[in-house]
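Let me begin by presenting the structure, written as structure tokens, before commenting on it.
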4 protein chains.
Amino acid sequence: MATGIWLVGARGSVAVTSMVGATALRAGLAEPTGCVTELSQLRSPALPALGDLVFGGHDPVATPLAKKADALAAAGVVPARLVAALSDELAAMEPEVRPVPAAPSQRETAAIIASDIAAFRQRHGLERVVVVNVSSTEPAAPPHPAHADPDALERALAGPDPVLPSSSLYAYAAFTTGCSYVDFTPSTGARLPALDALAHRHAVPYAGHDGKTGETLVKSVLAPMFAMRNLRVRTWSGTNLLGGGDGANLAEPGANAAKSSSKQRVLGETLGYEPQGTTRIEYVDDIGDFKTAWDLITFSGFLGTAMRMEFTWHGCDSALAAPLVLDLARLTAAAHRAGRTGPLPELAFFFKDPLGTVPHSLPEQWAALSAFVRGLSS
Amino acid sequence: MATGIWLVGARGSVAVTSMVGATALRAGLAEPTGCVTELSQLRSPALPALGDLVFGGHDPVATPLAKKADALAAAGVVPARLVAALSDELAAMEPEVRPVPAAPSQRETAAIIASDIAAFRQRHGLERVVVVNVSSTEPAAPPHPAHADPDALERALAGPDPVLPSSSLYAYAAFTTGCSYVDFTPSTGARLPALDALAHRHAVPYAGHDGKTGETLVKSVLAPMFAMRNLRVRTWSGTNLLGGGDGANLAEPGANAAKSSSKQRVLGETLGYEPQGTTRIEYVDDIGDFKTAWDLITFSGFLGTAMRMEFTWHGCDSALAAPLVLDLARLTAAAHRAGRTGPLPELAFFFKDPLGTVPHSLPEQWAALSAFVRGLSS
Amino acid sequence: MATGIWLVGARGSVAVTSMVGATALRAGLAEPTGCVTELSQLRSPALPALGDLVFGGHDPVATPLAKKADALAAAGVVPARLVAALSDELAAMEPEVRPVPAAPSQRETAAIIASDIAAFRQRHGLERVVVVNVSSTEPAAPPHPAHADPDALERALAGPDPVLPSSSLYAYAAFTTGCSYVDFTPSTGARLPALDALAHRHAVPYAGHDGKTGETLVKSVLAPMFAMRNLRVRTWSGTNLLGGGDGANLAEPGANAAKSSSKQRVLGETLGYEPQGTTRIEYVDDIGDFKTAWDLITFSGFLGTAMRMEFTWHGCDSALAAPLVLDLARLTAAAHRAGRTGPLPELAFFFKDPLGTVPHSLPEQWAALSAFVRGLSS
Amino acid sequence: MATGIWLVGARGSVAVTSMVGATALRAGLAEPTGCVTELSQLRSPALPALGDLVFGGHDPVATPLAKKADALAAAGVVPARLVAALSDELAAMEPEVRPVPAAPSQRETAAIIASDIAAFRQRHGLERVVVVNVSSTEPAAPPHPAHADPDALERALAGPDPVLPSSSLYAYAAFTTGCSYVDFTPSTGARLPALDALAHRHAVPYAGHDGKTGETLVKSVLAPMFAMRNLRVRTWSGTNLLGGGDGANLAEPGANAAKSSSKQRVLGETLGYEPQGTTRIEYVDDIGDFKTAWDLITFSGFLGTAMRMEFTWHGCDSALAAPLVLDLARLTAAAHRAGRTGPLPELAFFFKDPLGTVPHSLPEQWAALSAFVRGLSS
């Protein structure tokens with residue numbers, strides 16, 4: 001059941017960490033730590049095996065994969081010994097990562113994307129391909145009337161002006177070529193009525209948004225804890241310091257706003273009210289691929305007694321994201337195979353800003369995910 | 001459905017905060033923040049109303065309740081305005097808190113305890129009484145052959161030597177007088193085969209051990225988070241600084257050992273392995289009734305990448321414990337009424353070191369508790 | 001040597017805490033904790049005694065001092081028992097706090113200020129008066145040509161348009177009426193050439209800016225530590241969460257910018273380079289008069305090894321500022337008496353953004369302060 | 001002015017990091033970050049140049065230096081590229097590190113030590129040699145009557161029973177062979193009257209104890225900050241989690257006690273009173289050569305207001321210690337050359353538990369160090 005992962009942003013940190021990791025796992029050089037679908041409770045014959053995943057993708061930069069892998073090793077994201085041991089495998093993947101196409105109209109660009117993916121599928125005899133967006137976060141896209149209707153969208157894409165942000169154009173190309181789509185970023189992706197209609201028309205599933213890898217992951221267990229104990233959260237204020245390419249990009253006000261709002265959503269939905277406080281993102285070059293988040297939570301208990309909790313999270317975003325990319329590709333491919341179309345709210349476990357009306361408490365999301373996997377297997 | 005709470009340690013911080021709080025709630029002067037049984041998901045007509053709880057108990061010290069309440073107000077545990085407003089109600093409770101009895105044999109002491117409780121029940125026309133141990137943590141009790149058998153226990157108690165630690169003698173007295181028993185401390189309590197047999201013989205339920213009010217509460221949601229994400233916890237090291245009477249007592253090596261082991265249990269049971277690290281308790285007078293815990297967690301992710309998390313919890317133990325005491329009394333009384341006998345593992349949600357083979361993940365404990373309450377109501 | 005303190009913002013938290021504290025010290029009800037001039041190394045007969053300080057001031061709001069003191073007691077800033085014990089003294093101060101005057105021209109407003117201060121001096125037979133600005137932080141003032149020259153300033157003040165921000169108008173009124181001036185805020189205050197010239201013309205000293213009470217205080221010892229050990233600070237990123245009136249005001253972008261820049265100055269001046277990172281201020285109502293600051297410092301050591309330090313400061317700004325207000329009034333009055341005119345850079349110890357070219361390392365500032373006090377005494 | 005450093009524990013982390021670093025500095029491959037004697041304020045022609053240092057030593061283990069350096073690179077203590085670039089230089093040092101000698105009597109052992117050092121001096125034409133103890137911390141040594149007198153000591157050493165702990169035997173060997181001695185550990189070292197007399201008799205200086213590299217460094221600036229502001233420190237409680245060989249050793253109760261007491265000394269001496277709280281050390285294998293310390297400080301300000309500060313220090317002990325070892329060797333050699341004999345209290349800046357009656361505030365220690373260096377140069 002060879003399955004393709006077509007990575008949008010295939011030379012970025014998350015993508016290359018995924019490739020190195022999957023290759024290392026296939027070679028028996030690493031443990032599947034961080035891979036949720038390798039837990040005994042979720043392991044299932046309905047999922048493509050980790051060793052059956054084949055990688056390709058697009059990226060605007062041309063840095064060789066091996067060079068990026070070396071940089072990740074120097075930054076402590078992946079072990080240098082793995083990169084050294086897997087140099088042949090990385091070299092073999094190199095031709096499958098192509099430059100981002102650009103044509104006079106977005107329809108033509110989408111056609112090149114689709115044709116790149118189709119050729120990739122053909123070359124490797126892949127049963128199906130999952131397109132996964134791990135590129136930089138986009139600023140919020142301007143609205144356009146064609147976003148509401150698939151046929152209007154088809155017509156508008158033929159014109160000279162851009163209609164869709166890049167993440168959505170990839171969803172469009174994926175759907176129209178019969179591929180499923182996962183958005184690991186807070187960008188628009190498939191979240192437009194026209195694209196949802198196309199996903200159903202082409203009978204493919206999609207998932208998103210915004211991989212839950214650090215501070216929000218912690219929030220998704222702490223907020224339910226306060227709720228279950230009937231403690232009143234008064235303030236939840238977060239500071240995120242992050243370096244790397246993602247940090248520089250998120251320091252841009254547009255991308256920052258998209259991300260910050262995605263990060264606070266869990267509180268209102270879990271607690272039933274909005275505590276005071278915001279989540280801030282600051283770019284700190286020196287932290288590199290790691291991220292430090294500090295959160296202060298003030299809460300009141302019995303008879304109003306004031307109490308507080310703080311936490312610091314020092315995580316490597318790429319190392320947290322990469323195994324989830326593998327999980328999502330396996331789960332989405334299996335859902336596709338099982339005939340699921342449209343959004344996959346059961347994958348909310350993986351996302352800060354999940355699709356649909358879903359629980360934001362991690363344990364409830366886990367229960368939904370477990371049921372989903374059991375459903376695939378039966 | 002007037003229900004009695006007989007508090008062992010009735011002049012201590014937890015007990016008096018419970019009394020002030022329950023009285024304030026009855027008078028409409030406070031919200032039931034921190035009371036789990038007041039959450040919409042758990043509210044049930046099967047539970048005695050908060051306003052139906054009547055307080056009595058034993059304590060070796062003689063400090064008047066009003067004076068202790070003033071001290072709690074000065075320490076920021078309860079609002080001074082509540083203590084002032086409720087002075088008549090506190091004065092009315094005063095005669096129900098009696099000195100700890102002492103007789104030549106433990107059997108005679110138990111008889112006085114039972115007679116005090118019976119008189120309390122009679123005076124207030126109580127449907128039933130729950131004995132709740134909120135006294136200081138005992139050192140681990142020496143084993144005794146009579147602990148294994150109820151009849152041997154009866155005989156041994158008649159002798160001049162102490163057979164049971166105080167917490168267990170209260171469980172004995174409770175059971176033999178037809179009362180249920182809750183142990184909010186890590187002491188031995190009802191955890192002896194002879195006492196379990198007596199609980200069944202007298203058809204009463206019991207619950208325990210060691211109220212989960214702070215660091216362990218946080219552990220019980222963070223440890224499952226790491227497990228659900230297949231992240232490998234390498235070290236979990238905790239430091240607890242606490243003041244107040246409980247702090248001074250727990251700084252004693254014997255009590256400390258009992259407590260520390262109770263606090264680490266959640267990790268092994270939730271993660272499936274024991275990470276490195278210990279939990280330490282230190283007495284810091286200046287912190288008073290508050291507690292500061294700091295935990296460092298190191299973990300590895302995909303391909304072994306080293307990451308870390310720290311949290312600081314600054315909570316008021318009495319303010320966290322008191323509403324749970326009310327919850328436990330209501331739940332245990334309702335279980336008694338519903339004919340439950342022996343241990344109540346469904347109340348694991350409340351305890352660091354719960355009875356029986358139960359989940360240690362807070363969300364799973366919550367699910368068990370919810371089912372329990374639904375079962376009572378049907 | 002009765003000495004007046006004329007507080008601009010006399011009904012604010014800092015001012016009322018100063019009044020309660022000085023009165024409590026005079027009555028022997030409190031220790032001079034936090035008063036630097038009461039340390040054995042700095043105690044000097046050249047300073048007016050704490051008991052010789054007399055309070056008056058202006059404030060736009062009319063809240064009675066006793067009511068404000070009660071609010072401070074409820075917020076945990078001052079002990080309720082002191083406020084109760086000192087109610088007569090606070091009532092006696094009440095008439096000395098007058099509404100902020102407003103006249104058609106700033107010259108006339110200044111004349112009313114001066115006359116209020118003169119009457120206060122007269123009434124209490126004060127040897128001299130120190131005007132201390134503890135009002136809310138102003139946004140940065142727009143430049144005006146008359147700021148450069150005292151005579152041009154005199155003329156411009158007679159016109160209908162405002163020329164000076166409020167803090168500077170108070171400095172003007174102080175100087176022209178022969179009083180010294182201390183700015184405890186980051187506002188403009190005496191920092192205009194025209195005002196400096198007036199201070200010299202009237203032979204009065206002045207001091208400022210922006211009382212160093214928390215995060216910056218810590219920076220002023222940690223930054224020299226890194227410098228003395230030749231460790232390279234790469235990032236210093238701070239988050240300040242603060243409630244109270246000052247917090248709400250500082251959340252305004254204008255005031256925030258003034259404050260944040262004042263808070264980072266110590267780093268460049270102590271380290272000799274600017275590390276990455278910023279200082280952010282966020283208003284969090286629930287924290288009240290307290291402030292929580294979290295700073296992350298990343299640094300490199302020998303051979304570039306990456307290391308890090310974090311600190312959390314949880315302080316009560318008013319309780320930290322009030323004793324420094326008393327110190328500054330005593331020191332400035334003594335300097336005035338000793339014939340000092342113009343800026344007092346030796347008081348840099350007290351300020352985030354000190355006047356003149358001065359060391360920013362706390363120990364060097366301490367040495368300068370000690371020498372200054374010794375100079376006064378000799 | 002070629003100068004030898006004879007390292008006791010020459011194959012340990014601190015020693016090998018020193019060797020790699022000094023070699024890298026000589027080769028122009030690294031900056032002298034962390035070297036205090038390279039700061040412009042302390043640079044002096046009176047000190048031997050960094051490039052003039054020659055390394056030798058003893059170690060009980062036989063791990064080759066290159067292998068240890070590789071392990072340090074893998075642990076993130078030194079850059080792998082430096083270790084690779086310096087392999088020839090490390091190989092050249094290899095024969096200078098010899099096994100720890102053992103003879104029937106301590107006098108004979110000392111003679112072998114002395115002869116090893118003398119041969120080293122001869123081989124490299126060294127002007128002088130500084131013996132620096134960077135071996136594992138010893139448990140406190142049992143007292144012995146011969147510790148009081150040099151002649152009694154000479155006689156006792158000839159017997160079959162050990163008289164001196166290892167650190168002191170090295171000081172004895174150093175002194176009697178005309179070498180200065182630095183103790184970077186909390187072990188006994190030269191702190192015996194008999195050894196002090198021998199240092200004077202042989203006209204050599206010595207320095208110690210216990211390099212100040214992390215938590216205590218921070219204490220030595222924070223404690224004076226609280227003192228300078230007249231804030232009352234109520235509690236100072238510290239937790240040190242450390243891995244590596246030193247961590248495992250310090251987890252032994254004997255060594256732990258020696259270290260912990262050394263770490264709290266700064267508080268009493270700087271504040272003038274002993275706050276509540278202790279310093280704990282716990283071994284956490286996963287942290288490796290890094291150390292995480294968490295300190296909670298509670299303090300009271302004006303009118304008793306309770307406040308608190310926390311800090312976390314995450315440092316690499318070897319990377320912090322190694323440049324100080326180079327500094328100490330240079331400073332002690334220069335002192336020796338300048339005719340100084342006996343203890344060097346001016347080097348208190350480097351130590352947790354300095355010799356003599358000296359200030360414990362880092363800035364005062366810095367001033368003493370600066371004056372010392374100026375004295376050497378004049």
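All heavy atoms count here, side chains included; hydrogens, waters and symmetry mates do not. Convention: sequence-line order gives letters A, B, ...; per-chain numbering from 1.
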Taking every heavy-atom pair that is under 4.5 Å apart, which of C/Leu42, C/Leu39, C/Leu231 has the most such pairs with chain D? C/Leu39
Quick one: does C/Leu331's side chain get under 4.5 Å of C/Leu369's, heavy atoms only? yes
What pairs with D/Ala84 under side-chain contact (heavy atoms from CB on, under 4.5 Å), at least two apart in sequence or on another chain? none
Counting heavy-atom pairs under 4.5 Å with chain D, which one of C/Pro323, C/Gly304, C/Gly301, C/Ala30 comes out on top? C/Pro323
What residues, two or more places apart in sequence or in another chain, satisfy side-chain contact (heavy atoms from CB on, under 4.5 Å) together with D/Ala15? D/Leu7, D/Val134
Could you list each N or O donor-acceptor pair linking chain C to chain D at a distance under 3.5 Å?
from     : atom 1 : to       : atom 2 : distance (Å)
C/Pro32  : O      : D/Asn230 : ND2    : 3.3
C/Gly34  : N      : D/Asn230 : O      : 2.7
C/Cys35  : O      : D/Asn230 : ND2    : 2.8
C/Val77  : O      : D/Thr305 : OG1    : 2.8
C/Lys212 : O      : D/Arg229 : NH1    : 2.8
C/Lys212 : O      : D/Arg229 : NH2    : 3.3
C/Arg229 : NH1    : D/Lys212 : O      : 2.8
C/Arg229 : NH2    : D/Lys212 : O      : 3.2
C/Arg229 : NH2    : D/Phe349 : O      : 2.8
C/Asn230 : O      : D/Gly34  : N      : 2.7
C/Asn230 : ND2    : D/Pro32  : O      : 3.3
C/Asn230 : ND2    : D/Cys35  : O      : 2.9
C/Thr305 : OG1    : D/Val77  : O      : 2.8
C/Arg308 : N      : D/His314 : O      : 3.1
C/Arg308 : O      : D/His314 : N      : 2.9
C/Glu310 : N      : D/Thr312 : O      : 2.9
C/Glu310 : O      : D/Thr312 : N      : 2.8
C/Thr312 : N      : D/Glu310 : O      : 2.8
C/Thr312 : O      : D/Glu310 : N      : 2.9
C/His314 : N      : D/Arg308 : O      : 2.9
C/His314 : O      : D/Arg308 : N      : 3.1
C/Phe349 : O      : D/Arg229 : NH2    : 2.8

All heavy atoms of D/Ala24 vs all of C/Leu303, minimum pair found to be CB-CD2, 4.4 Å
For residues C/Leu267 and C/Val233, determine if any side-chain heavy atom of one lies less than 4.5 Å from a side-chain heavy atom of the other. no
Heavy-atom cut-off 4.5 Å, strictly under: side chain, backbone, both or neither for C/Ala293 against chain D? neither
Below 4.5 Å, heavy atoms only, C-beta onward: do C/Phe351 and C/Val182 meet side chain to side chain? yes
Return the option, out of C/Met225, C/Met309, C/Met228, with the maximum number of heavy-atom pairs under 4.5 Å with chain D. C/Met228
Between D/Leu296 and chain C, with a heavy-atom cut-off of 4.5 Å, which part of the residue counts as in contact: side chain, backbone, both or neither? neither
Minimum heavy-atom distance D/Ile5-D/Ala329, with the two atoms named: CD1-CB, 3.4 Å
Side chain, backbone, both or neither of D/Phe349 within contact of chain C (heavy atoms, under 4.5 Å): both
D/Leu328 side chain near D/Val132 side chain, heavy-atom distance below 4.5 Å: no
Can you pull out the residues in residues 71-78 of chain C with any heavy atom less than 4.5 Å from chain D? C/Gly76, C/Val77, C/Val78
Give me the atom names and distance for the closest heavy-atom approach of D/Phe184 to D/Ala321. CE2-CB, 3.4 Å
Okay, D/Leu82 and chain C: the region with an atom under 4.5 Å from a heavy atom over there is side chain
Mind checking the CE-CZ spacing from C/Met307 to C/Phe299? Nearest 0.5 Å is all I need. 5.0 Å
Pick from D/Leu320, D/Leu217, D/Val218, D/Leu222: which one has the most heavy-atom pairs with chain C under 4.5 Å? D/Leu217
Can you check whether D/Val284 reaches D/Leu242 side chain to side chain, under 4.5 Å on heavy atoms? no
Would you mind checking which part of D/Leu25 comes under 4.5 Å of any heavy atom in chain C, side chain (CB onward), backbone (N, CA, C, O), both or neither? side chain
Highest number of heavy-atom pairs under 4.5 Å with chain C: which of D/Ala322, D/Pro79, D/Cys35? D/Cys35
Distance-minimising heavy-atom pair for C/Phe290 and D/Ala306: CE2-O, 3.7 Å
Looking only at heavy atoms, which two atoms of C/Phe302 and D/Ala319 are closest? And how far apart? CB-O, 3.2 Å
Grab the two heavy atoms, one from C/Leu271 and one from C/Ala223, that are nearest each other, plus how far apart they are. CD2-O, 3.5 Å
